[in-house]
Protein chains: 2
Amino acid sequence: MVRSEARTRKSEETRERLLDAAAKVFRDKGYAGARLCDIAERAGMHTPGVYYYFPSKEELVEEVLRVGVARTRGYVQERVAGLAESASALDRLRAAIEGHVLMVLEIGDYTSANIRIFGQVPDDVRARHLGDQRAYGGVWRALLEDARAGGEIRSDLDLGVIRMLILGALNWTAEWYRPGPQTATEVAREATAMICDGLGVR
Amino acid sequence: MVRSEARTRKSEETRERLLDAAAKVFRDKGYAGARLCDIAERAGMHTPGVYYYFPSKEELVEEVLRVGVARTRGYVQERVAGLAESASALDRLRAAIEGHVLMVLEIGDYTSANIRIFGQVPDDVRARHLGDQRAYGGVWRALLEDARAGGEIRSDLDLGVIRMLILGALNWTAEWYRPGPQTATEVAREATAMICDGLGVR
DNA sequence: AGCGGATTTTAATTCGTGTTAAAAAGGGTC
DNA sequence: GACCCTTTTTAACACGAATTAAAATCCGCT
């Protein structure tokens, strides 16, 4: 018998609830520190229920990582693509910075989970995930190279290092930002200001 | 009886060997992922030997964190203080950036351990450590405020946010840097260039 | 109503790791 | 060389958490 439509939809919703819960708990407790029972409870089920959807903790975290980069990359690319045709390469870079920050601080539990646990995950999981990670890095590489090709950024910089410094500044916001004094958008604006124009007076 | 001099020195050396091992293992595996037996083995003893020097894993990690900030702050301040009297506030900021990067990438296992595990440690440990952390933050706050007071940096920036963005860019180097293509000093140079002068052409 | 697969639960297992206890070894001092 | 304090080891314990097994429940369908 073909599985009924409503049936499979409900199952997918549960799976998603589980993934959402996993993203939150992994982000808050780290990989080893996250207990399957915390995740299950947050998703409204008992621990072994997780195993109906995922064969192990490793595969669960792997899926969280996968969704994390995919969404981040999608959102950032979308924001960049939404710019007017007349936008400069530096404007596109600014849009990417803003998109990434918003993803980390407001929209993406998966994004912040990814950032915080990537370095803690078992080696084989990390190895399998590296491809996705690199693909997202490629988006940034292209943005920077376009800007340099157009003469919009200085020619004396190592763009490989610069890319990681930028992503570092943005990723680290996951460690300290708490809503309150500043909004995520304000943080993004400070970041574009510092990165594109520097601290020094002009 | 008074403990002989040679005796206490040997004991202190062992304690230090243990701390060094702990810093390395915590940095590589994270807090929950680091096993006491890994640490003990690296220090050349069996697991329960650790308990002669530290009463628990928590207190061990706490000491690693403490040493981490203390050394980082000491080194950065020393480098800043070593500058000529004529150095500008921006020069002092550059020196701090360079010092911090070198500490993360070359000198300080404790520094990189601190950076990577601070967010994973039990809440009470983190709470006790927050004072030290803030003290180091104060060094950077002062550097930035001096620069602004002297009119050397733009007046439209939120220095609290900027401080965290800078430290983020630098701290994140612990996640991606591997000696090879670039030296730590080169990374530091790229960082000062981007942070102080920005990516855009002038 | 009742069949049958999908989903969830209860109960049990297994294993790793932090910690403790007790014994042994080391080494300086008289 | 015997004594005593320090340090390290061997052995055992405790406990939490991932995983498995088996039973129970749910729910659409006939």
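Below, chains carry the letters A, B, ... as their sequence lines are ordered, and counting in each starts from 1.
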Nucleotide by nucleotide, nucleotides 9-19 of chain C touches protein heavy atoms under 4.0 Å in the pattern (B base, S sugar-phosphate only, - none) BBB-----SSB
For residues 91-103 of chain A, tabulate all N or O donor-acceptor pairs below 3.5 Å that involve a side-chain atom, not counting sequence neighbours.
unit_1   : atom_1 : unit_2   : atom_2 : d
A:Asp91  : OD1    : A:Arg94  : NH1    : 3.1
A:Asp91  : OD2    : A:Ser88  : N      : 3.3
A:Asp91  : OD2    : A:Ser88  : OG     : 3.2
A:Arg92  : NH2    : A:Asp146 : OD2    : 3.2
A:Glu98  : OE2    : A:Arg79  : NH2    : 2.8
A:His100 : ND1    : A:Tyr136 : OH     : 2.6
A:His100 : NE2    : A:Asn171 : OD1    : 2.8

Contacts satisfying side-chain hydrogen bond (donor to acceptor under 3.5 Å, both in side chains) that involve residues 21-36 of chain A (not counting sequence neighbours) are A:Lys24-A:Asp109, A:Arg27-A:Asp109, A:Arg35-A:Asp38
note: B:Tyr52, atom OH; D:dC5, atom C1'; distance rounded to Å ~ 8 Å
- Remember a base hit wins even if backbone is also touched, and classify A:Tyr53 as base, sugar-phosphate or nothing at under 4.0 Å, heavy atoms. sugar-phosphate
By side-chain hydrogen bond (donor to acceptor under 3.5 Å, both in side chains), B:Glu186 pairs with (sequence neighbours left out) none
The side-chain hydrogen bond (donor to acceptor under 3.5 Å, both in side chains) partners of A:Arg134 (sequence neighbours excluded) come to none
Indicate every side-chain donor-acceptor pair of residues 154-168 of chain A with a distance under 3.5 Å to a residue at least two apart or in another chain.
unit_1   : atom_1 : unit_2   : atom_2 : d
A:Arg154 : NE     : A:Asp156 : OD1    : 3.1
A:Arg154 : NH1    : B:Ala193 : O      : 3.3
A:Arg154 : NH1    : B:Gly198 : O      : 3.1
A:Arg154 : NH2    : A:Asp156 : OD2    : 2.9
A:Asp158 : OD1    : A:Gly160 : N      : 2.9
A:Asp158 : OD1    : A:Val161 : N      : 3.3
A:Asp158 : OD2    : B:Gln182 : NE2    : 3.4

